[in-house]
> 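Quick one: structure below, then a few questions.
Read the numbers this way: they start at 1 and go in the same order the structure lists the ligands and their atoms.
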Amino acid sequence: MFRNKREFKAEFHRRLVEAYGCEMEQTSPAEKYLTLGTMVRDYASNYWKDTKNETASQDLKQVYYFSMEFLLGRMLTSNLKNLGIYDIVTEGLQELGISYQEIADQENDPGLGNGGLGRLAACFMDSAASENYVVNGNCIRYRAGLFRQFINKYGEQVEMPDMWMRIGNPWEIRKLKHAVDVKFYGQIEVSYDENGDMHFRHRHASHVLAVPYDMPMIGAHTKTVNTLRLWSAEPADVAPRDRDYRQYLSDVEAICLNVYPDDSTEEGKYLRLKQEYFFVCAGVHSIVETHLKNHPSLDNLGEKVAIQLNDTHPVLVIPELMRVLMDEYGYAWDKAWQIVKETVSYTNHTVMAEALEKWPMQYIENLLPRIAMIISEIDRRYCAWAWQQCPDDPDLVSRTRPLRDGTLHMAALALIGSHAVNGVAGIHTEILKNDLFRDQVRLYPHLIQNKTNGVTPRRWLMYCNPELRKLLDDTIGTAWEKDYHHFEDLLKHVDDPSVQEAFLDVKQVRKEKLAAYVRDLTGEIIDPSSMIDTQAKRLHAYKRQLLNIMQVIYLYQRMKRDPSFRIAPHTYLFAAKAASSYTFAKSVIKLINCVAAKINNDPDTRDVLKVVFLPNYCVTMAETLVPGSDVSEQISTAGKEASGTGNMKFMMNGAITLGTLDGANVEIDSLVGRDNDVIFGHTVEELNTLQYHYNAYDYYQQDGRIHDVLDTLINGFWNGSADEFRMIYDELITRNDTYFVLADFDAYVKAQEEIARRYASRNTWARSCLVNIARSGYFSSDRTIEEYAHDIWDLQKLHF
Ligand code: NTF
């Protein structure tokens with residue numbers, strides 16, 4: 001492997017010519033990217049091998065993080081910087097007359113997720129490797145990603161396939177030797193041996209071959225390289241039984257075609273269940289295979305392996321591991337159950353009722369007959385046990401058992417089969433304990449714990465905002481880069497005017513970069529000296545992008561009506577994908593775009609008010625959007641956003657949170673104090689009372705601002721059609737405003753006024769931003785991973 005710039009240049013040149021059979025100058029940027037990516041992967045391969053060997057020789061416990069999503073973002077820069085070879089490579093390329101940026105821009109974001117849950121998994125992979133914990137990912141290799149979002153001339157979202165691997169994926173390695181046979185459908189034949197023991201044979205199954213592709217997860221400034229294993233479905237070498245051959249091929253193909261386009265509602269699709277079992281079965285098989293290479297039996301599996309279930313999507317790990325232990329390795333039920341519970345733990349990421357997965361048992365009986373038998377037995381044993389625990393509350397059993405009215409409740413199964421369950425922010429965990437899983441807390445008082453989410457400060461500060469990194473290095477030294485506690489060293493400097501000025505300069509540079517990005521992407525010109533206020537996250541009613549755009553409409557109407565009223569220049573940026581079947585969310589996107597089209601073209605207001613919707617929000621966009629924003633919109637209905645992680649990224653880059661007391665905003669608020677954020681709106685407790693007497697129509701009647709804003713939704717003001725946004729109007733008025741948008745409107749307008757007031761005093765504003773950065777160390781995913789390792793996984797670090 002290359003050790004310096006000279007060797008890098010020679011090797012890069014040699015590899016390009018050998019791979020493409022032409023002069024280096026004739027290769028395309030994509031070919032250069034693939035070559036460079038492959039070189040970097042190979043560079044990491046020695047460390048990768050060492051990590052595997054050392055894990056085995058130190059007989060270390062390792063974690064498998066099962067997640068349907070890993071929203072990695074581009075890997076090239078992150079890998080180069082984590083490996084410490086960024087300078088060698090970029091300078092080497094420059095000497096060869098090649099632009100690094102042009103090469104880096106060839107990389108597509110891997111289409112392996114939806115939103116927060118998948119991005120969290122990616123931050124965890126970075127932190128675990130960087131902290132020398134052996135944590136491997138287990139996921140699906142989706143070929144067409146989620147979707148690429150495009151906005152048409154009517155302002156509507158259009159979905160296009162995200163063929164992210166079209167140019168190839170240099171990071172992955174196909175590992176055919178570890179392929180796994182996964183069985184669906186068929187029947188279970190039961191027989192008894194001479195001892196009376198039962199045996200189960202899966203007959204007439206439809207076989208699918210799960211082929212793993214491994215991606216290295218490279219730690220920063222360490223030799224630890226973990227594995228993200230992506231499973232790909234291929235036709236098996238077994239004749240399909242009783243089914244049409246071409247149908248079989250297309251059924252297999254469908255399994256890894258795309259990510260379910262929804263991170264908050266469960267569509268209940270059969271294919272989704274197939275995906276879930278597919279990657280669970282393959283993942284469990286490879287864990288067992290690896291374990292048995294180094295240990296004589298599976299008796300100590302729970303001591304050497306931890307399996308983390310990222311939400312309920314992989315919960316079939318519980319019955320699948322039972323199946324393997326009993327049917328393939330002859331364990332009795334009780335011993336197998338003990339091993340499963342020791343091994344498995346579960347993270348809940350949402351309390352939204354529609355997002356809590358439920359499956360008709362009939363689907364499972366049909367698709368996974370042996371798994372269905374095991375689930376029924378788990379349910380039967382659970383009922384018998386729980387009945388004895390709480391004889392005073394006979395209904396408790398029926399409220400908490402996994403099988404209710406022929407439906408499998410995945411969260412209930414996860415709770416029973418795990419030794420630890422966690423929420424993702426303080427308030428969320430309290431809601432789990434006091435509300436969603438209240439009954440289970442009676443049965444297992446110590447089961448539920450909190451692990452507040454985090455984000456990796458490498459991708460989300462050091463690499464995406466080098467200007468801020470330099471300011472921190474110059475001000476407090478570099479200790480914060482390796483130890484998140486040292487972010488707080490900045491507190492000593494927040495009152496220093498020269499640091500404040502330097503921060504404002506950094507922000508200005510980042511805002512100019514963002515403005516250029518917005519112009520290239522949308523053609524819109526935004527003013528980099530205006531206050532840039534950003535809401536970037538999936539589009540969902542509870543996140544209330546609607547409240548945000550309503551406030552914009554209100555400002556516009558007020559300025560139109562009263563020429564003496566003018567705001568300081570504001571730019572409102574939105575970026576959000578809506579699930580393809582989520583009509584309401586798509587309607588909000590259209591509203592934002594229609595509002596933007598009108599306001600941005602109005603000479604009366606366009607110098608002070610600008611609205612831009614940025615299409616196709618993704619990790620790469622966030623890397624420019626977050627550092628360039630002044631205000632971080634975190635305005636979900638209290639109690640609905642489990643944590644949020646965008647809030648942490650904005651904070652880390654010196655944006656001020658404008659938010660409700662929801663998710664991790666609560667912790668941000670207690671860390672920075674009310675002088676350094678703007679909090680508004682009803683609290684969870686207040687909403688718990690208000691819900692019984694809430695009447696949205698009263699707000700419409702009594703608040704002229706709300707009245708005027710809502711009327712534009714049904715009078716054709718935005719695009720000439722009176723019915724275009726009636727659905728939104730009806731949700732607020734006829735359906736009584738499920739997410740209390742109108743109840744929080746007044747407070748939100750005042751909060752916007754407050755933040756504008758603060759923004760006007762540049763030095764106090766800068767001071768607040770610095771306090772936010774200083775306090776953001778707590779939200780490093782290095783801290784979160786330490787807590788999982790200590791409290792849930794009982795995991796030791798790898799020593800090199
Ligand atoms: C999301 N959940 C939550 O909605 C976010 O608040 C949270 O920050 C992330 O998880 C990460 O914990 C989901 O995506 C899902 F799928 F559970 F709905």
> Short list, please: which atoms of ligand 1 are under 4.0 Å from a heavy atom of Ala642?
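This gives 6 (O) as the contact atoms.
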> State if Gly644 counts as touching ligand 1 under the rule of any non-hydrogen atom under 4.0 Å.
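In this structure, Gly644 qualifies as a contact of ligand 1 - some heavy atom is under 4.0 Å.
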> With a 4.0 Å heavy-atom cut-off (strictly under), which part of Asp311 contacts ligand 1: side chain, backbone, both or neither?
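Answer for Asp311: side chain.
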> Here's one to test your reading of the geometry: is the NZ or CZ of Arg141 within 45 degrees of the ring axis of Tyr213 and under 6.0 Å from its centre?
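Verdict for Tyr213: a cation-pi partner in Arg141.
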> One residue to check: Asn114. Relative to ligand 1, which of side chain, backbone, both or neither has a non-hydrogen atom less than 4.0 Å away?
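Neither; nothing of Asn114 gets under 4.0 Å from ligand 1.
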> Looking only at heavy atoms of Tyr542, does any of them come nearer than 4.0 Å to an atom of ligand 1?
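Heavy atoms of Tyr542 do come under 4.0 Å of ligand 1.
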> Only one of Val678, Leu661, Asn676 clears side-chain contact (heavy atoms from CB on, under 4.5 Å) with Asp669; which?
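Between Asp669 and the candidates, side-chain contact (heavy atoms from CB on, under 4.5 Å) is satisfied uniquely by Leu661.
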> Test Phe779 against every option in Asn453, Leu671, Thr645 by the side-chain contact (heavy atoms from CB on, under 4.5 Å) rule and name the one that passes.
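Filter result, single survivor: Leu671.
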> Take Met550 and Leu732 through the side-chain contact (heavy atoms from CB on, under 4.5 Å) test and state the conclusion after the steps.
CA-CA 12 Å; Met550 280 176 61; Leu732 296 175; 4.2 Å; yes
> May I ask you to list the atoms of ligand 1 that are less than 4.0 angstrom from any heavy atom of Val424?
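Result: 12 (O).
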> Does this structure show an ion pair linking Arg148 with Glu159, if we count only N-O contacts that are shorter than 4.0 Å?
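Salt bridge between Arg148 and Glu159, a charged N being under 4.0 Å from a carboxylate O: no.
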> Run the numbers for me: atoms of ligand 1, each under 4.0 Å from some heavy atom of Thr350, listed by number.
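Counting atoms of ligand 1 from 1, those under 4.0 Å from Thr350 are 17 (F), 18 (F).
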